[in-house]
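Read the structure below first, then the notes.
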Amino acid sequence: MKSKPKLGIGLIGTGFMGKAHVFGFTSAPRVFDLPYDIELRMVADVTPELAEKARGALGFASATHDWRDLLKDPAIDIIDITSPNALHKEMALAAIAAGKHVYCEKPLATLSSDAMEMTLAAEAAGVKTQVGFNYLCNPMLAYAKAMIAAGELGEIRSYRGVHAEDFMVDKAAVYGFRHDIAGGGALADIGSHALATAEYLLGPIDRVMGHSVTVIGERPDGKGGMKKVEIDDLSRSFVRFASGATGSIEANWLATGRKMQHDFEVYGSRGALCFSQERFNELHFYSVDDKAGQRGFRRIEAAPDHAPYGRFCVAPGHQLGFNDLKAIEVAGFLDAIAGLRPEPFNFRAGFGIQRLVELVHRSSREEKWLDVAGH
Ligand code: NAD
């Protein structure tokens, strides 16, 4: 068997996402015909103990408590950043300067000017980039996009998008990186996914009118005192797409009871689509062409008809899981590194989402509609 070139991975951060990325790197070669063999070279976390524990558990060859060690290893080709949002910029710029490809979790940066600086640096260095907008890797979203593009819904008139979770509901929860200005707030942190999905399905958003609010204005600092919180807990916006369709986007991390409501509804002149991430192996389709008396939303179950579902499972309805989306994301990035296809969601695309986040907040402060053009 012909051996493939090796691609070495250096992972920064071993929390929720660090682990999910390793699931992606380890299952992608078993599911896809990748252009490279993947080698888990080195993992970094903040202490030697954490890094060493992750090395053993996740299967890396070595560990370090200084992420800069990853840059010095010539056998590391991809720096994978799953650290808190405020650290993405420094780590990505250093990785690019070392000539590494960069896989970075969302939000790319907490300021769009930073995201642009990272984009320009990557483009100038000629390295490939990928931002972790994994929900876009769902085969059911690709299918929805294809149905819209094929005109199965007729003329698209309106869109509703939401990303709601309840992990910030508790006022007594201690101030963490997500509460910091550099953490970005609910819109940057989770609403960025809703914006990315909206544009993936309907094309670019060209105008926004936002309303962003801080509901819990202070949180325990973990040292007996309280710390002021200035970022948004809740952000709603009206949007207009370049196509002329209009819509709304909600980002809410105080949505009691909601665990992963990354949902959308698309309404067209001949049909509609509804989707909920909490049941992400289903798409609901309504068609005005159905016979009178039998109209209603029909449930389309994920199946091998919805590529690349069939690479994971030959049987319909057996369902993919969250970590499978990361495997699809990894496969797309590796193909892009090999020059087989464009980067699925590169830093420039990540910049575009961050620019929308900032525009929504600014339009909320200024209480007026803002055009994306010129920003
Ligand atoms: P987490 O707190 O679970 O993990 C962060 C990890 O980074 C921890 O292991 C921490 O010790 C490590 N870390 C912090 N500073 C470091 C440093 N200087 N050097 C090395 N390691 C360091 O957080 P998380 O939920 O995994 O979030 C991480 C990133 O992933 C964030 O940017 C977040 O927005 C993003 N995220 C994306 C998704 C998604 O669906 N794509 C979901 C959750 C989080």
Side-chain angles (χ1 to χ4, degrees), residues 10-24 42-55 57-58 60 63-71 79-95 102-110 114-115 118 130-138 141 163-165 167-168 173-180 182-197 200 231 251 253 259-262 277-278 280 321-330 332-333 344-345 347 349-350 353-354 357:
L11 173 69
I12 310 178
T14 63
F16 175 22
M17 272 308 107
K19 197 168 174 185
H21 282 223
V22 172
F23 278 125
M42 200 186 296
V43 61
D45 212 312
V46 283
T47 63
E49 295 73 29
L50 267 177
E52 182 51 30
K53 192 171 164 213
R55 185 200 63 73
L58 303 177
F60 280 81
T64 176
H65 64 283
D66 180 358
W67 61 270
R68 289 184 181 276
D69 288 342
L70 275 55
L71 308 175
I79 298 290
D80 184 10
I81 304 169
T82 68
S83 54
N85 305 348
L87 301 174
H88 294 179
K89 179 187 174 188
E90 183 191 4
M91 292 171 170
L93 287 177
V102 190
Y103 182 12
C104 183
E105 262 310 328
K106 48 50 58 181
L108 181 55
T110 45
D114 288 346
M118 295 156 78
Q130 173 75 33
V131 190
F133 281 101
N134 32 266
Y135 301 114
L136 304 181
C137 299
N138 182 354
L141 256 67
H163 192 119
E165 302 187 37
F167 62 100
M168 292 295 185
V174 173
Y175 190 101
F177 81 80
R178 287 184 168 84
H179 301 115
D180 205 67
L187 182 60
D189 196 55
I190 56 174
S192 51
H193 285 299
L195 290 166
T197 295
Y200 174 79
I231 43 80
W253 60 26
K259 307 304 172 192
M260 181 34 73
Q261 193 191 21
H262 178 83
Q277 183 67 26
E278 288 178 356
F280 81 78
F322 175 78
N323 293 316
D324 296 329
L325 304 185
K326 280 295 182 199
I328 297 170
E329 189 168 87
V330 162
F333 189 34
F345 206 95
F347 277 14
I353 297 301
Q354 195 53 34
V357 166

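Both ligands and their constituent atoms are indexed starting at 1 by order of listing. Each residue takes its place number in the sequence, starting with 1.
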Spacing of [atom1] belonging to [X] relative to [atom2] belonging to [Y], to within rounding of 0.5 Å:
X	Y	atom1	atom2	value
His262	Leu141	NE2	CG	6.0 Å
Phe23	Leu58	CZ	CG	8.5 Å
Ile353	Thr197	CD1	OG1	8.5 Å
Leu71	Met42	CG	CE	9.5 Å

Where on [X] is there a heavy atom closer than 4.0 Å to ligand 1, on the side chain, on the backbone, on both, or on neither?
X	value
Glu105	side chain
Met91	side chain
Ile12	side chain
Tyr135	side chain
Thr82	backbone
Lys19	neither

Treating [X] as the side-chain partner and [Y] as the backbone partner, does any N or O pair qualify as donor plus acceptor under 3.5 Å?
X	Y	result
Thr82	Gly13	yes
Glu278	Met260	yes
Lys19	Thr14	no
His88	Ser83	yes
Asp45	Ala54	no
Glu329	Cys137	no
His179	Gly176	yes

Considering non-hydrogen atoms of the protein only, which is the closest contact for [atom], and what is the distance?
atom	answer
atom 3 (O) of ligand 1	Phe16 N, 3.0 Å
atom 8 (C) of ligand 1	Asp45 OD2, 3.8 Å
atom 29 (C) of ligand 1	Ser83 O, 3.5 Å
atom 2 (O) of ligand 1	Phe177 CE2, 3.9 Å
atom 31 (C) of ligand 1	Asn85 OD1, 3.1 Å
atom 40 (O) of ligand 1	Asn134 ND2, 3.2 Å
atom 42 (C) of ligand 1	Met17 CE, 3.3 Å
atom 35 (C) of ligand 1	Lys106 O, 3.5 Å

Does ligand 1 come near enough to Trp67 that some N or O of the ligand is less than 3.5 Å from an N or O of the residue?
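No.
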Short N/O distance, under 3.5 Å, between Gly132 and ligand 1?
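Yes, there is a polar N/O contact under 3.5 Å.
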Number the atoms of ligand 1 from 1 as they appear, then name those within less than 4.0 Å of a heavy atom of [X], with their elements.
X	value
Asp189	34 (O)
Pro107	34 (O)
Gly13	6 (C), 7 (O), 12 (C), 21 (N)
Leu87	15 (N), 16 (C), 18 (N)
Thr14	6 (C), 9 (O)

Contact check, [X] vs ligand 1, heavy-atom distance below 4.0 Å:
X	value
His65	no
His193	yes
Gly184	no

Run down the list Arg178, His163, His21, His88 and name the one with the heavy atom closest to atom 25 (O) of ligand 1.
Arg178
Evaluate the side-chain contact (heavy atoms from CB on, under 4.5 Å) criterion for residues Leu87 and Phe177: first the C-alpha distance (whole Å), next the side-chain angles of each, then the deciding distance (0.1 Å), finally the verdict.
CA-CA 10 Å; Leu87 301 174; Phe177 81 80; over 6 Å; no
Go through it in stages, so that I can follow the logic: the residues are Tyr135 and His163, the test is side-chain contact (heavy atoms from CB on, under 4.5 Å), and I'd like the CA-CA distance, side-chain angles, deciding distance and then a yes or no.
CA-CA 11 Å; Tyr135 301 114; His163 192 119; 4.0 Å; yes
Looking just at side-chain N and O atoms, do His21 and Glu105 make a donor-acceptor pair shorter than 3.5 Å?
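Side chains of His21 and Glu105: pair found under 3.5 Å.
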Verify side-chain contact (heavy atoms from CB on, under 4.5 Å) between Asn85 and Lys106, making sure each step is shown before the conclusion.
CA-CA 7 Å; Asn85 305 348; Lys106 48 50 58 181; 5.6 Å; no
